[in-house]
Amino acid sequence: MSIEPLRRDLAQTRGPELRRTVPISRPGAVAAPPAATAPSTQQMCVVVTEVADGDGGALVRNLRRRGAPRVVVLTRRAARPELSILLAGGLRGAIASSTAPTLARAAAPAAAPPPLPELTAREVSVLKLVADGRTNRLIGEELGLSALTVKSHLARISRKLGTGDRAELVAISIRGGVLS
């Protein structure tokens, strides 16, 4: 079901003021821009999950910047002082399912870093020497390998960790707990 019949019915029953603010689009028709000289009679209902401490003033500023004078806010949770700020800021109303004296902003959950792929003991030993700042030749001499074999180990480690930069290889392995 389309919302257009509902808009049309509402516009017909409410009168000319609402007809100006609720544009009825027709298939194939180009919408005319609103008249710049007419005063804004836009009515708006803003639905938010919560209005935490410090959110009321920002919401009022954003709504003023958009030029929305007739606004009602619906929210699940709100801090009482923030509701007062909303109403003092010129909103027509604010409805909250529950209120609290204060409401701390919920922190966004931090995404856990993806687990590192398994590195062989030889790859870890090569990586430790890279972390110490050694060149491929010096790593090979210390481990009894050729420089090309060290280069091969580093290429395999780079594919597993997703980067070719030696410093980033070390940083990723330290963050992942491979190196301490």
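None of these values were measured; they are calculated from a predicted model.
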K.L.:
Please tell me if the side chains of Thr75 and Val47 come closer than 4.5 Å, counting only heavy atoms from C-beta onward.
P.N.:
no

K.L.:
Can you tell me how far the CD1 atom of Ile139 sits from the CG atom of Asp132, to the nearest 0.5 Å?
P.N.:
8.5 Å

K.L.:
Indicate yes or no: does Arg76 engage Glu50 in a salt bridge with an N to O separation below 4.0 Å.
P.N.:
no

K.L.:
I need the Glu82 CD to Thr99 OG1 distance, nearest 0.5 Å.
P.N.:
12.5 Å

K.L.:
Are Val126 and Leu129 close enough that some pair of their side-chain heavy atoms sits under 4.5 Å apart?
P.N.:
no

K.L.:
Group every Ile, Leu, Val, Met, Phe, Trp and Tyr by side-chain heavy-atom contacts under 4.5 Å, then state whether Leu87 and Val71 land in the same group.
P.N.:
no

K.L.:
Taking C-beta and beyond as the side chain, do Leu154 and Arg166 meet within less than 4.5 Å on heavy atoms?
P.N.:
yes

K.L.:
Can you find a pair of side-chain heavy atoms, one from Thr163 and one from Ser158, that are under 4.5 Å apart?
P.N.:
no

K.L.:
Rounded at 0.5 Å granularity, tell me how far CZ in Arg70 sits from CG in Leu63.
P.N.:
15.0 Å

K.L.:
So Val72 and Val46, do their side chains get closer than 4.5 Å, heavy atoms only?
P.N.:
no

K.L.:
Under the side-chain hydrogen bond (donor to acceptor under 3.5 Å, both in side chains) test, which residues partner Thr135, sequence neighbours left out?
P.N.:
none

K.L.:
State, to 0.1 Å, how close Ala79 and Pro101 come at their nearest heavy-atom pair, and which atoms those are.
P.N.:
CB-O, 4.3 Å

K.L.:
When you check the side-chain N and O atoms of Thr149 and Ser146, is any donor under 3.5 Å from an acceptor?
P.N.:
yes

K.L.:
Is there side-chain contact between Val73 and Ile95, with heavy atoms separated by less than 4.5 Å?
P.N.:
no

K.L.:
Are more than 12 heavy atoms, taken from residues, nucleotides or ligands other than Lys160, located less than 6.0 Å from that residue's NZ atom?
P.N.:
yes

K.L.:
Can you find a heavy atom in the side chain of Leu116 that is under 4.5 Å from one in the side chain of Leu161?
P.N.:
yes

K.L.:
Report, as yes or no, whether the 6.0 Å neighbourhood of atom CZ on Arg80 holds more than 12 heavy atoms from other residues, nucleotides or ligands.
P.N.:
yes

K.L.:
Within this structure, what is the NE2-CG distance for the pair His153 and Leu127, rounded to the nearest 0.5 Å?
P.N.:
12.0 Å

K.L.:
Kindly give the heavy-atom pair with the smallest separation between Gly57 and Ile85, and that separation in Å.
P.N.:
N-CG2, 3.7 Å

K.L.:
For residues Leu86 and Gly56, report the shortest heavy-atom separation together with the two atoms involved.
P.N.:
CD2-O, 3.6 Å

K.L.:
Got a second to check how far Thr120's OG1 is from Arg156's CZ, nearest 0.5 Å?
P.N.:
6.5 Å

K.L.:
Quick check: is Val124 connected to Val170 through a chain of hydrophobic side chains (ILVMFWY, heavy atoms under 4.5 Å apart)?
P.N.:
yes

K.L.:
Contact between Leu143 and Ser125 at the side-chain level, heavy atoms closer than 4.5 Å - yes or no?
P.N.:
yes

K.L.:
Give a yes or no answer on whether the side chain of Asn62 reaches the backbone of Leu59 with a donor-acceptor pair at less than 3.5 Å.
P.N.:
no

K.L.:
Of all residues at least two apart in sequence or in a different chain, which pass the side-chain hydrogen bond (donor to acceptor under 3.5 Å, both in side chains) check with Asp53?
P.N.:
none

K.L.:
Starting at CG of Leu148, measure out to CZ of Arg137 and round the result to the nearest 0.5 Å.
P.N.:
13.5 Å

K.L.:
Tell me the closest heavy-atom pair linking Ala100 and Pro81, and the distance in Å.
P.N.:
O-CD, 4.5 Å

